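Just so it is clear, the model here is predicted, and its values are computed rather than measured.
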Amino acid sequence: LTKPGSIMRTEIPIQGSVWDESVPGFVEADLVAHCGTSSKGPFVNSLTLTDIATQWTENCALWGKGAEATLEAIQTMMAAFPFPIQGFDSDNGTEFINHHLVRYFAERNSRFTRSRPYRKNDRAHVEQKNWSRVRTLFGYGRFENPDLVPAMNEVYRLNSLFKNYWMPCMKLIEKRQVGSKIYRVHHKPKTPYHRVLDSPHIAQDIKLQLTETYKSLNPIKLKAEIDKKKVIIRQLASISYEQWFAQRQHPLSQ
């Protein structure tokens with residue numbers, strides 16, 4: 001559902017070279033539409049930010065995909081990362097290619113780049129996380145109840161703790177083609193949390209804070225709480241936007 005934003009393209013360079021994947025802080029961004037089988041009318045979107053070096057990922061649900069709402073979600077998510085964001089790479093959609101984001105990243109002295117149009121592999125890291133962090137949680141149904149946004153964000157908060165601290169993931173080292181076959185070599189699976197601990201670019205006090213958080217978490221309880229809140233999500237998802245609006249117009253009749 002990406003609609004090209006052409007006005008600002010000359011100000012936002014294409015990310016032609018690969019960032020240094022050993023340095024945390026360079027993220028890929030993408031938006032997932034919870035529109036079901038139709039893009040008509042209002043619906044919820046989910047924003048995904050993935051750090052290339054550590055695979056640390058944050059998600060945020062937002063109503064629509066306006067420039068201001070997207071910027072607000074990005075600010076919230078960037079505050080959740082355990083390290084400063086040095087580079088931000090997105091697709092060419094109008095939710096990203098706009099004055100709000102250009103000004104925001106310029107003020108932070110962060111590099112803002114975009115991928116080549118219609119080349120999803122340019123953002124392969126975040127595309128993979130769209131599946132493992134968004135679709136596996138909420139599926140492909142249509143979410144047009146605005147009350148879903150805070151409920152989904154609570155699930156995302158819990159899932160971020162569960163996945164970033166407790167779920168190991170693989171990271172590609174090398175991909176080469178020999179004849180008709182493609183061979184892939186991966187690092188040993190690690191959690192994003194352990195990748196942060198192993199990074200020499202992260203301050204020791206931040207690592208100590210993360211370790212305290214890690215010790216306070218119970219993955220079994222986290223997973224149980226996520227599953228419990230997903231039941232509420234399914235209930236809210238059954239309410240259409242028209243039904244939600246009618247309840248707000250005539251609350252006493254419900």
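- Under the 3.5 Å distance criterion, with hydrogens and angles disregarded, a donor-acceptor pair is assigned to the side chains of T113 and D89.
- In terms of modelled atom types and a separation under 3.5 Å, the side chain of K207 and the main chain of S199 share a donor-acceptor contact.
- The residue from V32, T57, T50, V126 that alone fulfils the side chain to side chain contact (heavy atoms under 4.5 Å, CB included) condition with R133 is T57.
- Separating the CZ atom in F26 from the CZ atom in F88 is a distance of 14.0 Å, to the nearest 0.5 Å.
- Here N159 contributes atom CG and N153 contributes atom CG; the two are 12.0 Å apart, rounded to the nearest 0.5 Å.
- Linking Ile, Leu, Val, Met, Phe, Trp and Tyr residues whenever their side-chain heavy atoms come within less than 4.5 Å places I206 and L217 in a single cluster.
- A salt bridge links E154 with R157: the closest approach of a Lys/Arg side-chain nitrogen to an acidic carboxylate oxygen falls below 4.0 angstrom.
- Checked by atom type and distance alone, the side chain of S110 pairs as donor or acceptor with a backbone atom of I85 at under 3.5 Å.
- With rounding to the nearest 0.5 Å, the separation of CD in Q55 from NE2 in H125 is 5.5 Å.
- Residues E58 and N164 are in side-chain contact: their nearest non-hydrogen atoms beyond the backbone lie under 4.5 Å apart.
- Of the inter-residue distances, the one linking L71 atom CG with H99 atom NE2 reads 13.5 Å to the nearest 0.5 angstrom.
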Apply side chain to side chain contact (heavy atoms under 4.5 Å, CB included) to residues W131 and T136 and explain how you reach the verdict.
CA-CA 6 Å; W131 161 253; T136 57; 3.6 Å; yes
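- Looking at heavy atoms from C-beta onward, M78 lies in side-chain contact with Y104 at the 4.5 angstrom threshold.
- Remark: I220 CD1 to E225 CD distance equals 14.0 Å, nearest 0.5 Å.
- For the pair Q86 (side chain) and R111 (backbone), a donor-acceptor distance under 3.5 Å is absent.
- For the pair F83 and H201, the minimum side-chain heavy-atom distance is 4.5 Å or more.
- I239 and N145 get closest at one heavy-atom pair: O-CB, 3.5 Å.
- Formation of a donor-acceptor pair under 3.5 Å by the N98 side chain with backbone atoms of L101 is found in this model.
- Put simply, the side chain of E144 gets close to the backbone of Y241: a donor and an acceptor are under 3.5 Å apart.
- When side chains are defined from C-beta on, E127 does not count as touching E28, because their heavy atoms never get closer than 4.5 Å.
- Residues L236 and F245 share a hydrophobic cluster, clusters being chains of Ile/Leu/Val/Met/Phe/Trp/Tyr side chains in contact below 4.5 Å.
- Using a 4.5 Å cut-off on side-chain heavy atoms (C-beta onward), P146 and R248 make no contact.
- Across all their heavy atoms, L62 and V149 have their closest contact at C-CG2, 4.1 Å.
- Donor-acceptor pairing under 3.5 Å is recorded for the side chains of S46 and Y156.
- The side-chain heavy atoms of K230 and R234, taken from C-beta on, include a pair separated by under 4.5 Å.
- Classification of the F143-H34 ring pair by plane angle, with boundaries at 30° and 60°, yields parallel.
- The aromatic rings of Y193 and Y214 sit parallel, their planes meeting at an angle under 30°, below the 60° perpendicular limit.
- Between S90 and I97, the shortest heavy-atom contact is OG-CD1, 4.3 Å.
- The CG atom of L137 lies 9.0 Å from the OG atom of S132; values are rounded to the nearest 0.5 Å.
- Residues P82 and I202 fail the side-chain proximity criterion, which asks for heavy atoms closer than 4.5 Å.
- The two residues S238 and Q243 have their closest heavy-atom pair at O-OE1, 3.7 Å.
- Closest of all the heavy-atom pairs between C35 and R142 is O-NH1, 3.0 Å.
- Here the closest heavy-atom approach between residue M77 and residue C60 is recorded as SD-CB, 3.4 Å.
- Within 6.0 Å of CD in E72 there are 12 or fewer heavy atoms belonging to other residues, nucleotides or ligands.
- Side-chain contact check for Y165 versus L222: every heavy-atom pair is 4.5 Å or farther apart.
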Given salt bridge (Lys or Arg N to Asp or Glu O under 4.0 Å), test D51 with R195 step by step and report yes or no.
CA-CA 11 Å; D51 176 62; R195 286 197 173 98; over 6 Å; no
